[in-house]
Amino acid sequence: MLADSFGRRIDYLRLSVTDRCDLRCAYCMPPEYKNYDDPEHWLTIEELARVAGLFVELGVHRVRLTGGEPLVRARIDNLAYLLGRIQGLEDLSLSTNGTRLAQWAPALKSAGVKRLNVSLDTLSSERFAQITHRDVLHDVLCGLDAAQAEGFDLVKINMVWLPEINGDELDAMIDYCRGNGFVLRLIENMPMGDAARSLGSSSLQSVIADLRIRHGLVDRVITGGGPARYLASADGRFSIGFITPISQHFCESCNRVRVSVTGTLHLCLGQEDRLELLPMLRQGASDSEIGNAIKLALMQKPWKHEFQELPQKIVRIMASTGG
Ligand code: SAM
């Protein structure tokens, strides 16, 4: 069992397969962004699979593929296939912006991906282009149709809460998700990089209170729901989650670590503590040597992020960490 020095069990890995993305979301990667990782330092598909396997041996049983945009990585279907065959990995999921999902959904499903998180901040083409700097809302909606047709266990829609831009679309998003059987999740903007910081972060607490009353929603516990707190309709057919790192952090129940595409093990999304796995992977370290290094590094996992207290602290963007 993998645990940190506070006794928190770590059973969830977010594995980034690229720091590149085909969108330029205002809260993540600014249009002029150039700080990309050198492809020579990217973990190969086989190295990514080895890292995932090592974590599963150590006690992780859920892995999420992420990025950047994971569906721009060549051979993503091969990687999903390799991970789908790791004994002991109970849950393989993927986060995507959905632009290429129509093309990839069948291959991902047959490789063993069970659940998808799809980013969608607006249902308006104009606003989509304003937020992401790309006019491809139609592609994302087609991707979501394809995901639904494939019958993934669960599709969650991630909507970053930017009240001045998408605040008036909450009811429309609820209708869209309810109609399609998707779980909606609202996320407070985290101060990662200057672009995100410049947008500020609005608390979701009053939104939660308002939705309870207007939509008659009640508390709901979702297994594997991670840091989100959930409300659901009385008939249980619609759920909405709230990820509130700023207004109500959930670090005490943190169960995850992240590995970037360059093999950096990030022990906390909002701190700098890390372990570089690439040198060990490329210099012939054995599985048990790497496993021991990971276990030791876990002892340095910080108690909490400081997005609220020190919003200037994290210069790296979400896409380079693996969101
Ligand atoms: N491209 C994939 C996607 O869109 O899901 C995976 C990577 S993306 C960085 C993962 C998630 O992080 C997305 O839902 C995105 O909206 C979210 N995200 C990025 N920057 C954020 C920020 N500053 N605050 C909150 N969420 C952020």
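When a residue number appears, it is its place in the shown sequence, counting from 1. As a basis for the values below, the full set of heavy atoms in this structure was taken, side chains included, without hydrogen atoms, waters or symmetry mates. Note that ligands are numbered from 1 as they come in the structure, with each ligand's atoms numbered from 1 the same way.
Here is the list of ligand 1 atoms found below 4.0 Å of a heavy atom in Thr96: 2 (C), 3 (C), 4 (O), 5 (O). Which parts of ligand 1 touch Asn97 is read off a 4.0 Å heavy-atom cut-off, strictly below it: atoms 1 (N), 2 (C), 3 (C), 4 (O). Of all the atoms in ligand 1, the ones that sit under 4.0 Å from a non-hydrogen atom of Ala196 are 23 (N). With ligand atoms numbered from 1 in the order given, ligand 1 contributes 16 (O), 26 (N) to contacts under 4.0 Å with heavy atoms of Val160. Under a 4.0 Å criterion applied to the non-hydrogen atoms of Thr66, ligand 1 contributes the atoms 6 (C), 7 (C). Atoms of ligand 1 lying under 4.0 Å from at least one heavy atom of Ile187, given by number and element, are 25 (C), 26 (N).
Contact check on Asp168 versus Arg127 returns a salt bridge, with a Lys/Arg side-chain nitrogen under 4.0 Å from an Asp/Glu carboxylate oxygen.
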Chi angles and distances behind the side-chain contact (heavy atoms from CB on, under 4.5 Å) call for Arg316, Glu272: CA-CA 10 Å; Arg316 63 177 192 271; Glu272 295 294 354; 3.1 Å; yes
CA sep, side-chain torsions, deciding dist, call: Arg229, Gln248, side chain to side chain donor-acceptor pair (under 3.5 Å): CA-CA 10 Å; Arg229 182 177 143 195; Gln248 188 181 19; 3.2 Å; yes
Salt bridge (charged side-chain N to carboxylate O under 4.0 Å, His left out) assessment of Arg214 paired with Asp171: CA-CA 10 Å; Arg214 277 196 311 114; Asp171 285 351; 3.0 Å; yes
Test salt bridge (charged side-chain N to carboxylate O under 4.0 Å, His left out) applied to Arg282 and Glu47, step by step: CA-CA 9 Å; Arg282 301 244 164 121; Glu47 286 167 335; 2.8 Å; yes
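Counting only residues at least two apart or in different chains, side chain to side chain donor-acceptor pair (under 3.5 Å) contacts with residues 232-246 comprise Arg220-Ser239, Ser233-Asp235.
What sits closest to atom 7 (C) of ligand 1 on the protein, heavy atoms only, is Gly68 O, 3.1 Å. What sits closest to atom 24 (N) of ligand 1 on the protein, heavy atoms only, is Met190 N, 2.8 Å. At the shortest separation from atom 12 (O) of ligand 1 among protein heavy atoms lies Met318 CG, 3.8 Å. Among protein heavy atoms, the minimum distance from atom 22 (C) of ligand 1 is reached at Asn189 OD1, 3.4 Å. In this structure, the protein non-hydrogen atom closest to atom 11 (C) of ligand 1 is Ser119 OG, 4.5 Å.
No donor-acceptor pair closer than 3.5 Å links the side chain of Asn180 to the backbone N or O of Phe182.
Checking only distances, Asn117 never comes within under 3.5 Å of ligand 1, N or O to N or O.
Proximity of Cys251 to Trp303: side-chain heavy atoms (C-beta onward) are nowhere separated by under 4.5 Å.
Ligand 1 has at least one atom lying under 4.0 Å from a heavy atom of Glu188. Taking 4.0 Å as the cut-off, Glu69 counts as a neighbour of ligand 1 on heavy-atom distance.
Cation-pi contact between Arg14 and Tyr12: absent, since separation from the ring centre below 6.0 Å together with deviation from the ring axis within 45° is not met.
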